[in-house]
There are 2 protein chains.
Amino acid sequence: MDEVRGQTRRRVAAPRAGRPRQAEVAQLAGVSQTTVSLVLGGKADDVAISAETRRKVLGAAERLGYVPDPAASRLAAARNNLLGVFSFTATFPTDVQHSYYPFLVGVEQEAAAQGFDLVLFTGSSTGGARAGAHALHRARLADGCLVLGRHAPADQLRRLVDDGFPVVHLGRRDEPEGLAWVGADYVTAARAVVGDLVARGHREVVLVCEDDPVPASTDRERGFHEGLLAAGVPTGPERVHRCADPERDLTPARLRAWLAAGVTAIVVEETDTSAAWRALNTAVSDAGLDCPRDVSLALLGSPPPDHEGPVPTGFDLPRARLGAAAVRALAALVAGGRPDEPLVECAFRPGATVGPPPR
Amino acid sequence: MDEVRGQTRRRVAAPRAGRPRQAEVAQLAGVSQTTVSLVLGGKADDVAISAETRRKVLGAAERLGYVPDPAASRLAAARNNLLGVFSFTATFPTDVQHSYYPFLVGVEQEAAAQGFDLVLFTGSSTGGARAGAHALHRARLADGCLVLGRHAPADQLRRLVDDGFPVVHLGRRDEPEGLAWVGADYVTAARAVVGDLVARGHREVVLVCEDDPVPASTDRERGFHEGLLAAGVPTGPERVHRCADPERDLTPARLRAWLAAGVTAIVVEETDTSAAWRALNTAVSDAGLDCPRDVSLALLGSPPPDHEGPVPTGFDLPRARLGAAAVRALAALVAGGRPDEPLVECAFRPGATVGPPPR
DNA sequence: CCTCGGTACTAATACGCATTAGGCCCGCGT
DNA sequence: ACGCGGGCCTAATGCGTATTAGTACCGAGG
């Protein structure tokens with residue numbers, strides 16, 4: 001009976017302090033809050049809105065300096081246009097070489113291209129204890145989240161995935177079932193490097209890698225074997241030399257033993273520290289040998305930034321493109337689709353450390 | 001007996017997919033959503049809740065793995081326990097020396113100590129055009145925001161401040177009226193350095209600074225003058241040497257001219273590039289002079305990371321403490337209070353580039 | 001005159017949580 | 001026996017936006 005009174009009583013949007021809401025815009029434009037949402041949300045294509053009304057709304061929004069509340073947008077089962085980036089290792093390491101900067105370049109660029117803004121969550125040094133147990137949860141402020149760092153706890157990731165929250169992990173990862181990831185195609189890249197060696201006549205090739213069976217490592221090993229097999233060169237685990245401590249292990253003596261056994265080329269896996277690559281180079285010069293002439297070396301990755309001397313043959317990980325691909329995958333998930341190709345191709349780097357086999 | 005009926009009519013929380021809400025926890029615990037909110041929000045002190053009920057709620061929350069939705073928390077005029085960090089210059093510069101890393105160390109630590117998590121917003125490379133005009137707005141996802149970088153646009157800052165959103169700027173700043181900031185006490189620090197010179201007998205001192213009248217620079221200049229005046233040494237603008245291009249300006253000839261005019265000590269402002277400091281050192285050695293013996297040099301700031309030779313006398317900016325102070329100020333604002341002391345004391349660094357005046 | 005199909009808009013509701021204003025019950029005082 | 005206060009809890013509402021299910025109007029077709 002008194003619904004009219006009841007309505008007018010409440011509908012008068014009191015001129016509030018603070019930031020204007022859609023209701024204020026609506027009042028100024030003489031339309032409903034719904035219409036404001038429709039116009040400002042760009043949904044005016046689905047629901048017909050006259051040009052006149054649209055103009056009024058936009059004008060009012062402009063005059064009031066309206067800006068949407070990201071929390072409210074997000075809550076209303078809608079989107080934020082924000083992509084979260086979560087890093088479990090330090091986001092700001094002392095050594096910039098260990099930071100994710102190269103990836104983030106691509107991430108930021110592609111995100112802008114896709115119409116997203118970025119929000120970075122830092123989960124590293126937060127103590128880890130209680131707060132850390134649900135650290136990943138603040139990712140829910142965004143529409144989706146990119147996860148960096150191999151140490152992301154599987155249970156927290158699983159939780160997000162199970163809840164249907166869009167997550168993309170940077171780097172191959174199997175652990176939480178159904179987790180989307182984007183990684184480098186190490187298999188193909190390693191195969192290409194080995195293929196180059198074989199094409200130049202090498203038959204006896206060994207692989208040196210550190211003793212840490214992460215996907216990035218096992219993929220390279222697989223590519224190594226595949227490259228040999230594809231060229232008809234028999235291979236096996238005996239060609240793989242795993243060493244925990246390259247410094248002590250990759251000595252001139254070891255090197256000479258290999259050469260004596262007929263080895264003409266050595267392929268080294270790239271790691272965080274590049275310890276193996278460094279040690280091997282030292283061993284070569286300590287043994288009085290010359291790299292392209294007496295033995296060929298290849299690096300499955302990029303040389304360390306302080307590398308001197310000839311450019312090592314190998315491949316480069318296109319970090320920026322990887323970041324961009326991750327964003328594309330995430331955008332696809334956010335849009336309700338499925339990401340397509342998770343693998344990003346690496347670029348073969350000819351280099352100068354590979355030559356024909358001696359003699 | 002009939003409370004169940006009454007409740008079941010509307011309150012039947014359908015077993016939903018996705019993450020549990022407080023309603024689910026409430027149902028499992030056999031209490032109301034309000035109670036869950038009260039217990040989980042720690043407000044059980046204001047409103048009495050029995051230990052038994054609290055236990056049940058906590059148990060249910062644990063079993064369901066409940067985690068609060070940060071967007072909803074924030075929307076409900078409540079708090080997020082999130083502090084935003086907004087950087088207008090590149091968050092990930094190629095040169096880590098130019099990054100905010102040292103500040104962020106303190107920020108992160110103090111935030112954790114105050115029970116906040118961090119959210120980083122990157123506003124640098126986002127193109128700037130339309131999206132950039134409201135870039136700072138996503139800060140509203142957090143309870144408050146720390147702003148880094150001197151290029152933060154005043155209008156966007158004013159907007160937040162006017163809306164009563166807690167903002168703290170890192171570095172002194174006057175522009176938007178009422179903006180809270182935390183900065184280093186350059187005046188006192190510079191005064192101390194000059195005081196040290198005067199105490200050692202120097203009377204003719206000049207200040208070299210780059211030509212950029214930002215607060216950080218004018219503060220140091222003020223401290224320079226105050227230091228001299230406090231010791232009864234007359235001073236004036238003629239003692240200040242502003243140079244836009246230190247490389248060309250701070251020549252051995254210039255140096256000799258100063259010495260001939262009786263100058264015994266030179267105070268240099270620290271800048272991004274440390275160009276003035278470098279140029280002056282080069283000039284001293286090119287002129288065949290020795291630093292502590294023939295002329296004293298002091299640096300109003302920290303030496304560049306690649307600095308070699310004796311430690312320059314001057315002061316150090318306690319970046320981590322500055323970051324921590326900023327967080328404390330922000331926490332105070334978020335809590336509805338007012339930040340107290342905005343100035344952070346710098347540490348005098350004795351160094352080895354200052355001695356008694358020659359002769 | 002009465003549908004029918006648009007067009008242009010709005011009312012109502014959901015989102016998940018926090019908070020305010022009570023409601024109920026029990027024990028104590030008078 | 002009645003009121004009253006305090007302990008414990010809940011109903012109801014708001015936060016600002018997005019979305020769904022309409023309503024009101026209008027011109028055309030029967």
Side-chain angles (χ1 to χ4, degrees), chain A residues 3-4 6-7 10-11 13-14 16 18-27 29-54 56-57 61 66-81 137 140-141 143 163, chain B residues 2-4 6-7 9-11 13-14 16 18-27 29-54 56-57 61 66-81 137 140-141 143 163:
Chain A
E3 76 251 343
V4 179
Q7 287 198 356
R10 310 188 26 180
R11 285 293 159 202
R16 311 179 322 141
R19 148 174 140 274
R21 308 161 295 174
Q22 289 187 344
E24 268 93 31
V25 176
Q27 182 170 321
V31 298
S32 72
Q33 177 264 325
T34 303
T35 304
V36 174
S37 174
L38 255 29
V39 170
L40 265 37
K43 300 292 178 186
D45 304 331
D46 306 348
V47 180
I49 298 283
S50 75
E52 169 65 7
T53 301
R54 166 194 250 104
K56 281 192 301 186
V57 169
Y66 170 81
V67 249
D69 181 334
S73 309
R74 177 84 193 120
L75 179 59
R79 297 174 34 180
N80 232 357
N81 275 345
H137 212 75
R140 292 205 142 90
L141 280 175
D143 293 342
D163 291 353
Chain B
D2 55 4
E3 80 261 350
V4 180
Q7 290 196 354
R9 207 186 312 144
R10 310 191 30 176
R11 289 291 159 199
R16 312 178 324 138
R19 109 175 171 288
R21 308 161 294 173
Q22 289 187 343
E24 269 92 29
V25 176
Q27 182 169 322
V31 299
S32 72
Q33 177 263 324
T34 304
T35 303
V36 174
S37 172
L38 255 28
V39 170
L40 266 37
K43 299 293 179 187
D45 306 329
D46 306 347
V47 181
I49 298 283
S50 74
E52 168 65 10
T53 302
R54 168 194 247 104
K56 281 192 301 185
V57 169
Y66 171 81
V67 247
D69 181 333
S73 309
R74 175 86 193 119
L75 180 58
R79 298 174 35 179
N80 230 357
N81 275 345
H137 212 74
R140 292 204 143 92
L141 280 176
D143 292 343
D163 291 353

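Letters A, B, ... are given to chains in the order of the sequence lines, protein chains preceding strands, and every chain is numbered from 1.
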Could you tell me whether T35(B) contacts a base, only the sugar-phosphate backbone, or nothing, with contacts defined as non-hydrogen atoms closer than 4.0 Å? base
With sequence neighbours left out, the residues meeting side chain to side chain contact (heavy atoms under 4.5 Å, CB included) with T53(B) are V31(B), T35(B), I49(B), S50(B), V57(B)
Listed partners of P68(B) passing side chain to side chain contact (heavy atoms under 4.5 Å, CB included), at least two apart: Y66(B), S73(B)
Residue met sooner reading DNA chain D from 5', once S32(B) and L75(B) are mapped to nucleotides: S32(B)
Can any side-chain N or O of R74(A) pair as donor or acceptor with the backbone N or O of R140(A) at less than 3.5 Å? yes
Any donor-acceptor N/O pair, E24(A) side chain to R21(A) backbone, under 3.5 Å: yes
First locate atom CD of Q22(B), then atom OG of S32(B), and finally report the distance between them rounded to the nearest 0.5 Å. 10.0 Å
Rounded to the nearest 0.5 Å, what separates atom CG in D163(A) from atom NE2 in H137(A)? 7.5 Å
How close or far is atom [atom2] of [N] from atom [atom1] of [X], stated in whole angstroms?
{"X": "R54(A)", "N": "dT7(C)", "atom1": "CZ", "atom2": "C1'", "value": "14 Å"}
{"X": "D163(B)", "N": "dG16(D)", "atom1": "CG", "atom2": "P", "value": "11 Å"}
{"X": "N81(B)", "N": "dA18(C)", "atom1": "CG", "atom2": "P", "value": "10 Å"}
{"X": "D69(B)", "N": "dA14(C)", "atom1": "CG", "atom2": "C1'", "value": "13 Å"}
{"X": "H137(A)", "N": "dC17(C)", "atom1": "NE2", "atom2": "P", "value": "8 Å"}
{"X": "N80(A)", "N": "dC15(C)", "atom1": "CG", "atom2": "P", "value": "18 Å"}
{"X": "R21(B)", "N": "dC15(C)", "atom1": "CZ", "atom2": "P", "value": "6 Å"}
{"X": "E24(A)", "N": "dC15(D)", "atom1": "CD", "atom2": "C1'", "value": "13 Å"}

Between the protein and nucleotides 18-25 of chain D, list every N/O to N/O distance that falls short of 3.5 Å.
{"from": "dA18(D)", "atom 1": "OP2", "to": "Q22(A)", "atom 2": "NE2", "distance (Å)": "3.1"}
{"from": "dA18(D)", "atom 1": "OP2", "to": "S37(A)", "atom 2": "OG", "distance (Å)": "2.9"}
{"from": "dA18(D)", "atom 1": "N7", "to": "Q33(A)", "atom 2": "NE2", "distance (Å)": "3.4"}
{"from": "dA18(D)", "atom 1": "N6", "to": "Q33(A)", "atom 2": "OE1", "distance (Å)": "3.3"}
{"from": "dT19(D)", "atom 1": "O4", "to": "T34(A)", "atom 2": "OG1", "distance (Å)": "3.4"}

If I compare all heavy atoms of [X] with all of [Y], which pair ends up nearest, and what's the gap?
{"X": "A71(B)", "Y": "L141(A)", "answer": "N-CD2, 3.7 Å"}
{"X": "L75(A)", "Y": "A72(B)", "answer": "CD1-CB, 3.8 Å"}
{"X": "V25(B)", "Y": "A61(B)", "answer": "CG1-N, 3.7 Å"}

Qualifying residues under side chain to side chain donor-acceptor pair (under 3.5 Å), relative to D69(B), sequence neighbours excluded: R19(B)
Write down the protein N/O and nucleotide N/O pairs, taken from nucleotides 4-6 of chain C, whose separation is under 3.5 Å; answer none if there are no such pairs.
none

Contact between N81(B) and R79(B) at the side-chain level, heavy atoms closer than 4.5 Å - yes or no? yes
One would report the end-axis bend of the helix from dC1(C)-dG30(D) to dT30(C)-dA1(D), five pairs per end and rounded to 10 degrees, as 80°
